[in-house]
Amino acid sequence: MNDADVTKQIQQMVRFIRQEAEEKADEISVSAEEEFNIEKLQLVEAEKKKIRQEYERKAKQVEVRKKIEYSMQLNASRIKVLQAQDDLVNGMKDSASKDLLRVSDNKNAYSKLLKDLIVQSLLRLKEPAVLLRCREVDRALVQSTLEKATQEYAEKAKVQAPKVTIDGVYLPPPPSKKDSHGTYCSGGVVLASEDGKIVMENTLDARLDVCFRKKLPEIRKHLFASASA
């Protein structure tokens with residue numbers, strides 16, 4: 001084999017090796033690009049998943065805040081409604097209290113009322129001797145009806161008439177124009193056993209409180225039944 005043949009053969013080997021290297025390089029490039037694309041897709045999907053999770057988390061936070069805000073507004077509205085209802089009911093009671101102040105204006109009717117209140121108190125106490133407390137302005141009226149009241153009690157209870165002592169300490173007076181917000185009493189009496197252990201409060205104001213407490217559910221039902229329906 002001469003030099004020309006050797007050179008030719010070497011060139012052929014070089015071309016073969018170069019072609020094989022280029023093919024191998026192309027394979028590596030294609031494989032690397034595929035791996036890159038796969039990794040890029042995985043990274044993109046991972047980021048998408050993170051974004052979705054963050055969005056869902058924030059969406060839940062927004063929903064929770066909405067529910068809390070709605071609940072707070074609902075409670076505030078209920079409190080306002082209850083306050084308005086209480087104001088209306090208390091207004092009715094205040095109006096009734098003002099009407100009570102005029103009960104003692106009619107002396108004849110008030111005298112009979114005092115007698116009935118004393119009899120009722122005596123029947124509750126069933127004591128042979130009691131203390132009676134009234135307003136100072138009512139003292140004369142109470143004294144004038146006391147004998148009749150004790151006799152009526154004695155007949156109903158079938159006992160001797162009790163000894164009734166009018167206390168020197170009086171119930172609060174009616175409200176005055178100078179002090180309309182001070183402690184006052186609309187009328188009536190308070191009776192107690194001599195030792196003070198048993199007390200029967202039979203003032204007009206106390207009776208209004210008792211009546212109001214008993215009738216409050218019925219009052220609320222009558223006033224606010226349509227609102228709760």
Side-chain angles (χ1 to χ4, degrees), residues 82-157 159-220 222-223:
L82 291 174
Q83 185 62 54
Q85 290 179 352
D86 285 343
D87 291 343
L88 179 59
V89 171
N90 290 331
M92 292 177 61
K93 186 179 179 183
D94 290 340
S95 178
S97 294
K98 291 177 182 177
D99 290 339
L100 283 182
L101 294 172
R102 294 192 290 271
V103 170
S104 59
D105 291 345
N106 186 329
K107 295 300 180 183
N108 291 331
Y110 185 52
S111 177
K112 183 179 182 307
L113 177 60
L114 284 174
K115 185 262 296 178
D116 291 340
L117 292 175
I118 293 170
V119 172
Q120 184 186 55
S121 301
L122 291 172
L123 287 169
R124 292 286 183 87
L125 293 174
K126 294 182 179 178
E127 292 285 321
V130 298
L131 295 174
L132 183 150
R133 185 172 293 182
C134 62
R135 300 186 302 181
E136 189 173 8
V137 295
D138 294 338
R139 184 182 179 95
L141 205 57
V142 168
Q143 283 179 323
S144 68
T145 193
L146 195 54
E147 184 178 354
K148 189 175 181 181
T150 55
Q151 289 300 324
E152 183 174 330
Y153 160 73
E155 291 174 6
K156 287 185 176 181
V159 296
Q160 288 187 344
K163 176 186 175 184
V164 179
T165 303
I166 299 178
D167 197 352
V169 179
Y170 298 105
L171 297 177
S176 64
K177 292 181 180 179
K178 292 182 180 179
D179 186 17
S180 59
H181 298 289
T183 303
Y184 69 88
C185 177
S186 302
V189 292
V190 174
L191 274 72
S193 58
E194 282 192 317
D195 57 10
K197 291 182 178 180
I198 308 174
V199 178
M200 176 62 186
E201 189 174 357
N202 225 351
T203 63
L204 301 185
D205 306 287
R207 292 180 69 87
L208 175 62
D209 287 339
V210 171
C211 178
F212 203 77
R213 283 197 300 271
K214 287 183 178 179
K215 292 292 184 179
L216 187 56
E218 186 178 336
I219 292 172
R220 286 187 174 278
H222 180 72
L223 290 176

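Counting from 1, the numbers follow the sequence of the chain as shown. Remember, predicted model here, so these are calculated numbers, not experimental data.
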side-chain contact (heavy atoms from CB on, under 4.5 Å) between Val130 and Ser193, intermediate numbers included:
CA-CA 5 Å; Val130 298; Ser193 58; 5.7 Å; no
To the nearest 0.5 Å, how far apart are CG in Leu113 and CZ in Arg207?
7.5 Å
Of the non-hydrogen atoms in Ala149 and Leu122, which two are nearest, and what is the gap between them?
O-CD1, 4.5 Å
Is there side-chain contact between Pro174 and Val137, with heavy atoms separated by less than 4.5 Å?
yes
Polar side-chain atom of Arg135 near backbone of Cys185 as donor-acceptor pair, under 3.5 Å:
yes
Quick one: CG on Leu114 to SG on Cys134, what's the gap to the nearest 0.5 Å?
8.0 Å
With sequence neighbours left out, which residue pairs that include part of residues 185-201 fulfil the salt bridge (Lys or Arg N to Asp or Glu O under 4.0 Å) condition?
none
Please enumerate all residues that pass side chain to side chain contact (heavy atoms under 4.5 Å, CB included) together with Gln143, with sequence neighbours excluded.
Arg139, Ile166
Going by salt bridge (Lys or Arg N to Asp or Glu O under 4.0 Å), name the residues that satisfy it together with Lys93, two or more places apart in sequence or in a different chain.
Asp209
In Å and rounded to the nearest 0.5 Å, what is the CD1 to CE distance from Ile118 to Met200?
12.0 Å
Value for CD (Gln120) from CG (Leu125), rounded to nearest 0.5 Å, stands at 10.5 Å
State which residue, out of Val189, Val190, Thr183, fulfils the side chain to side chain contact (heavy atoms under 4.5 Å, CB included) condition with Leu171.
Val190
Measuring only between side-chain heavy atoms, which start at C-beta, is Tyr153 closer than 4.5 Å to Pro162?
yes
Sequence neighbours left out, what passes side-chain hydrogen bond (donor to acceptor under 3.5 Å, both in side chains) with Asn90? Give chain and number order.
none
Say whether, by atom type as modelled, one donor and one acceptor occur between the side chain of Thr145 and the main chain of Val142 under 3.5 angstrom.
no
Non-neighbouring partners of Asp167 that pass side-chain hydrogen bond (donor to acceptor under 3.5 Å, both in side chains), sequence neighbours left out:
Arg133
Could you tell me which residues satisfy side chain to side chain contact (heavy atoms under 4.5 Å, CB included) with Arg102, sequence neighbours excluded, listed by chain and number?
Asp99, Asp105
Results of side chain to side chain contact (heavy atoms under 4.5 Å, CB included) for Ala161 - residues two or more places apart only
Thr150, Gln151, Ala154
What residues, two or more places apart in sequence or in another chain, satisfy side-chain hydrogen bond (donor to acceptor under 3.5 Å, both in side chains) together with Tyr110?
Asp138
Listed partners of Lys112 passing side-chain hydrogen bond (donor to acceptor under 3.5 Å, both in side chains), at least two apart:
Asp116
Looking only at heavy atoms, what is the nearest atom pair of Gly188 and Leu117, with distance?
CA-CD1, 3.8 Å
List for me each residue that meets side chain to side chain contact (heavy atoms under 4.5 Å, CB included) alongside Leu131, sequence neighbours excluded, and say none if there are none.
Thr165
Ser186 and Leu204 have their tightest heavy-atom pair at O-CD1, 3.7 Å
Going by the rule salt bridge (Lys or Arg N to Asp or Glu O under 4.0 Å), which residues pair with Glu152 if we only count those two or more places apart in sequence or in a different chain?
Lys115, Lys156
N/O donor-acceptor pair under 3.5 Å between Ser104 side chain and Gly187 backbone
no
Pro175 side chain reached by Leu101 side chain, heavy atoms, under 4.5 Å
yes
Atom CG of Asp205 and atom CZ of Phe212: how far apart are they, to the nearest 0.5 Å?
13.5 Å
Point-to-point distance, once rounded to the nearest 0.5 Å, from CG of Leu191 to CG of Leu132:
4.5 Å
